[in-house]
Amino acid sequence: MRKYKGPNILAVFSAQDLLLKGIHELKRSGYENFLVYSPVPHHDIEHALHRPRSPVRVFTLIGGLTGFLTGWALTIGSAMHYPLIVGGKPIISIPPFGVLAYILTILFGALATMMGFLLNARLPQLRLTPNYDERLSSDHYGIQVFGDEESLKKWARVLKKTGAIDVRKFAPTHRHSVNVVTSHVLLFFVGVFVSTITLASCTNDNGEIGNYRYRTDMHEQPSFKKQEDPRPPVKGTVPVSGYELPIKDSLTAVRLVNPVRLSSRNADTAKVLYETYCLPCHGLGAKGDGPVAAKFQTPPDLTLPRYRRAPDGYLYYVMRHGHLIMPPYYEGVKSRERWLIVQHLRTLQRLQ
């Protein structure tokens with residue numbers, strides 16, 4: 001690894017051809033401990049330096065692989081930690097999980113590429129070295145050679161012969177390093193502080209910013225609340241999807257009669273509906289041991305005698321309007337499908 005420290009000389013060239021001549025002379029002698037300054041990038045200079053392939057691609061590869069594995073670990077880990085069956089789909093589903101893995105592959109690869117570029121370019125460099133020549137940023141080129149006293153005298157003569165218009169010697173320099181991370185953190189907090197002060201100065205006692213009034217309570221919005229029926233259609237109109245009138249209370253519901261007759265075809269449909277909407281909480285046998293029960297509040301065992309004695313209309317009413325922590329299945333499950341689920345539940349109770 002090259003060490004750009006210690007005594008050094010800076011040779012300034014007025015043209016690119018003279019710079020290339022100096023580089024070739026140093027390379028021909030087997031000397032590598034030097035830096036080249038150019039106001040603009042040029043392929044001839046890069047070819048003359050014979051730089052190896054950029055290691056930034058390694059950062060990109062590692063970042064992409066990290067994002068790819070992170071995407072799969074995040075999705076599969078979350079699905080296994082909260083094994084919720086949604087719409088009868090498998091817990092681990094490759095197509096949707098692959099989307100997140102693909103996105104994180106691009107994100108992590110891009111971030112790693114930028115980090116690799118900054119690290120290899122030694123950026124950001126907030127302060128220039130004391131021996132920097134301003135002409136190197138306009139229309140001149142430079143070669144900075146590092147070494148001991150004897151070798152520097154030799155290379156100074158060589159570079160003058162190749163066309164250097166100015167060769168200056170510098171003592172070892174000690175850069176005043178700046179902690180970039182600390183400066184960025186300080187800038188972040190300064191920005192947050194200024195934004196807070198600006199927001200507070202524009203806000204009055206009523207919580208208004210200019211002519212705009214904002215709310216911090218997301219509950220205060222015109223949306224359906226928990227276990228609340230959707231709003232009925234406007235009077236005098238007919239909804240496109242139809243509208244099912246709510247049941248007044250559970251006493252009214254117990255008088256309802258299941259209009260669906262049990263058959264082999266209906267039994268298969270009822271089983272699919274139950275496993276889609278009810279199994280995550282109530283379990284395969286309706287004992288309240290579904291995968292959600294291990295993470296949240298345990299639902300009741302529907303095979304107990306009191307639920308066996310409950311009328312079909314009551315079970316239908318609970319699915320229609322919800323009960324305690326159970327959400328209402330008004331929109332997600334149609335009326336006939338709810339009656340089919342009641343039939344399958346009766347089958348499970350008889351099996352127990």
Side-chain angles (χ1 to χ4, degrees), residues 1-65 109-181 183-184:
M1 182 178 180
R2 302 186 186 96
K3 296 182 180 180
Y4 302 112
K5 295 181 180 180
N8 60 89
I9 57 174
L10 179 63
V12 180
F13 298 85
S14 59
Q16 178 181 314
D17 294 340
L18 299 177
L19 172 73
L20 295 175
K21 187 177 180 181
I23 295 175
H24 289 308
E25 189 65 30
L26 292 173
K27 287 283 188 179
R28 190 179 300 112
S29 302
Y31 191 77
E32 297 287 344
N33 195 21
F34 65 91
L35 292 174
V36 175
Y37 297 92
S38 173
V40 293
H42 202 281
H43 293 298
D44 291 340
I45 299 177
E46 295 179 2
H47 293 321
L49 292 174
H50 299 291
R51 295 298 185 190
R53 289 188 175 184
S54 173
V56 175
R57 65 189 68 197
V58 179
F59 285 81
T60 306
L61 177 61
I62 295 176
L65 292 176
L111 294 177
T113 301
M114 181 58 65
M115 182 178 66
F117 165 74
L118 294 176
L119 289 176
N120 285 276
R122 295 187 291 277
L123 295 175
Q125 184 176 336
L126 303 182
R127 294 183 181 181
L128 297 176
T129 55
N131 54 2
Y132 183 76
D133 195 319
E134 295 182 354
R135 292 176 293 177
L136 304 180
S137 296
S138 56
D139 57 352
H140 285 67
Y141 303 84
I143 298 179
Q144 189 175 12
V145 181
F146 297 82
D148 53 29
E149 296 292 338
E150 295 297 327
S151 62
L152 291 180
K153 293 180 181 179
K154 169 188 174 184
W155 296 121
R157 292 192 298 267
V158 171
L159 293 174
K160 284 184 179 179
K161 290 181 180 180
T162 57
I165 61 174
D166 187 13
V167 177
R168 288 180 292 173
K169 181 181 177 182
F170 297 95
T173 57
H174 301 281
R175 299 182 182 181
H176 301 283
S177 59
V178 179
N179 193 327
V180 179
V181 176
S183 63
H184 288 183

Check your understanding: Taking all atoms of both residues into account, what is the closest heavy-atom pair of Q16 and Y141, and its distance?
Key -> N-CE1, 3.5 Å
Check your understanding: How close do Y37 and L19 get, heavy atom to heavy atom, and via which atoms?
Key -> O-CD2, 4.5 Å
Exercise for review: Taking all heavy atoms of S14 and all of H140, pick out the closest pair and write down the distance.
Suggested key: CA-CD2, 3.8 Å
Exercise for review: Find the distance between CH2 (W155) and CZ (F34) and round it off to the nearest 0.5 Å.
Suggested key: 9.5 Å
Review point. In Å, rounded to the nearest 0.5 Å, how long is the span from CG of L49 to CD1 of I23?
Key: 4.5 Å
**Study point:** Among K169, K153, Q144, side-chain contact (heavy atoms from CB on, under 4.5 Å) partner for I9
**Key:** K169
Point to revise | All salt bridge (charged side-chain N to carboxylate O under 4.0 Å, His left out) counterparts of R53, not counting sequence neighbours | key: none
Point to revise | Spacing of CD1 belonging to I165 relative to CG belonging to L159, to within rounding of 0.5 Å | key: 13.0 Å
Check your understanding: Of the non-hydrogen atoms in K21 and T162, which two are nearest, and what is the gap between them?
Key -> CD-O, 3.8 Å
Practice item. Inspect the contact between K161 and E25 and indicate whether a charged nitrogen and a carboxylate oxygen are less than 4.0 angstrom apart. Key: no
Review point. Rounded to the nearest 0.5 Å, what separation is found between the CZ atom of F59 and the CG atom of L118?
Key: 10.0 Å
Check your understanding: If you measure from OG on S29 to NZ on K154, what distance do you get to the nearest 0.5 Å?
Key -> 5.5 Å
